[in-house]
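Each residue takes its place number in the sequence, starting with 1. As the structure lists them, so they are numbered: ligands from 1, and atoms in each ligand from 1.
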Amino acid sequence: MPLQTVNGRACRWAGASVKVLKMISVDEAQRMILDRVPVLPTEIVALSETTGRILRQDIYADMDMPPFDRARMDGYALRAADLAIVPARLRVLGQLAAGQQFDGQVGPGQAVRIMTGAPVPDGADAVQKVEATATDQQTVTIYESVKVGQFITPRGSEATRGQHLIAAGQRITPADIAVMATFGYAQVRVSQSLTVNVLSTGNELVEVNQTPSIAQIRNSNGYALRSYLDQLGARSSFLGIVPDDEELILQRIKAALPQCDVLILSGGVSMGDYDLVKHALRRLGADIVFDRVCIHPGKPTVFALLEHKPVFALPGNPVSVAVTFLNFVYPALNKMMGARDIFLPSFRAILEADAKHAPDRRSYLPGRLTSREGQLTVAPLRWGGSSDLIAFRHANALIIVPEGLSLIQAGQLCHTILIPHMSWASAAAKESQPIR
Ligand code: AMP
Ligand code: MG
């Protein structure tokens, strides 16, 4: 294909023929990606290092929990029948702290001073809290009667030995770590870390610490992509900005590939004369699986396999990067990491205002999801299109307008997916007025 020089850089002739594949639906694109990405091998790591990693083993209880009938209050272990008439005076046999065991037996008219977490002594069938008692060391007066079992957490009531507690595929949370610590999992099998390299392409881009001259802008995609990857628990490196030069793009892809499991590029994939990423990928022998998806924003998204590694080349506009990352890269990386839930959470919500778009593609419009009187509602944001990263910051959800529809009217139910860049809790807490 003929090359031309512009600003000293090689580029393709305007109008040179570009092979374009069939436009496919979002669902097809997701299927094609998920059919092709591999699941990473596992490794064993120390429990304390596993937050956010994907668990690759099932977790079982190695003992009953609690392992004994456990006092739930500081008070007195006693026999409920002894408190049929209150106040009742009982003889105190001794004191039992958490971690201690009582050798004797609690008989009629007797009690043992007991602390929260200690095993209830044999013979006792309830605990009365210290606030309902008065003592002179030898005896205790109990002012309120109790039911059998009161303030006792019975052995095995939270988990029984052998019980399945956490399924493989879980992204490990602090609560999961507490469970694994309780049942003796000092080492845990998780997915190996996923390594992702990120390249930004574009002649107009400068780095964040530079002042753009006229016609230049700072690279935001490289940073946004790394931030999404951080949230996913992937290890990522930003390998810099590549000018719109086919040869340079080719060289940088070639250099980036060996050190990663997945390569993500942004920019240079649409139909402009300087959109050369696909050409570079082809010249490297990549299998281009698709290069156009029926999605707005993000139509020219490219997914390819190069030396069996997934390569995502996303359109350069920042909102397109976010929408295509969330729809295509996010589930792919989750599958690779062995996650059970690979897609973003989705909700049906009532639209607060009309959501419009051209009906030829499925649209993902930035919105603000909130709960009003127990009902999820979503307000479309006013935005200036796929470059408007300033407005997009306020979105916590994407409103889906299905292909074939140009409008979903206010008051109707629509499908939304949650954007992970703003937590649901903070969004709900902040939300009072829709941004219109
Ligand atoms: P492209 O996909 O290369 O045609 O780029 C589409 C738009 O996205 C252009 O306005 C680019 O300047 C912009 N863009 C491309 N890459 C980046 C980037 N890394 N950060 C911010 N904007 C970008
Ligand atoms: Mg460009």
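Near Ser270, the atoms of ligand 1 lying under 4.0 angstrom from a non-hydrogen atom of the residue are 4 (O). Contact atoms of ligand 1 toward Gly268: 1 (P), 2 (O), 3 (O) (distance under 4.0 Å to a heavy atom of the residue). Residue Ser200 approaches ligand 1 through these ligand atoms, each under 4.0 Å from one of its heavy atoms: 19 (N). Residue Ile217 approaches ligand 1 through these ligand atoms, each under 4.0 Å from one of its heavy atoms: 12 (O), 21 (C), 22 (N), 23 (C).
Under the side chain to side chain contact (heavy atoms under 4.5 Å, CB included) rule, Ile172 has a single partner from Ile177, Ile166, Thr51, which is Ile177.
Annotation: atom 9 (C) of ligand 1 to nearest protein heavy atom, Glu204 OE2, 4.0 Å. Among protein heavy atoms, the minimum distance from atom 14 (N) of ligand 1 is reached at Gly316 O, 3.3 Å. Of all protein heavy atoms, the one closest to atom 6 (C) of ligand 1 is Asn317 N, 3.8 Å. Among all non-hydrogen protein atoms, the one lying nearest atom 17 (C) of ligand 1 is Asn221 ND2, 3.1 Å. The protein heavy-atom contact nearest to atom 21 (C) of ligand 1 is Ser220 OG, 3.4 Å. For atom 19 (N) of ligand 1, the closest heavy atom belonging to the protein is Asn219 OD1, 2.9 Å.
Side-chain atoms of Asp125 do not come within 3.5 Å of backbone N or O of Gly149 as any donor-acceptor pair. In this structure, the side chain of Arg113 engages the main chain of Gly75 through a donor-acceptor pair within 3.5 Å.
With salt bridges taken as basic N to acidic carboxylate O contacts below 4.0 Å, one links Arg283 and Glu247.
Lys299 places none of its side-chain heavy atoms less than 4.5 Å from the side chain of Ser320.
Thr324 contributes atom OG1, which lies 9.0 Å from atom CD1 of Ile264 (distance to the nearest 0.5 angstrom). We find the CG-CD1 distance between Asn334 and Ile54 to be 6.0 Å, quoted to the nearest 0.5 Å. In this structure, Phe343 CZ and Asp341 CG are separated by 10.5 Å, a value rounded to the nearest 0.5 Å.
Looking at Ile241 against ligand 1, nothing comes within 4.0 Å, counting heavy atoms.
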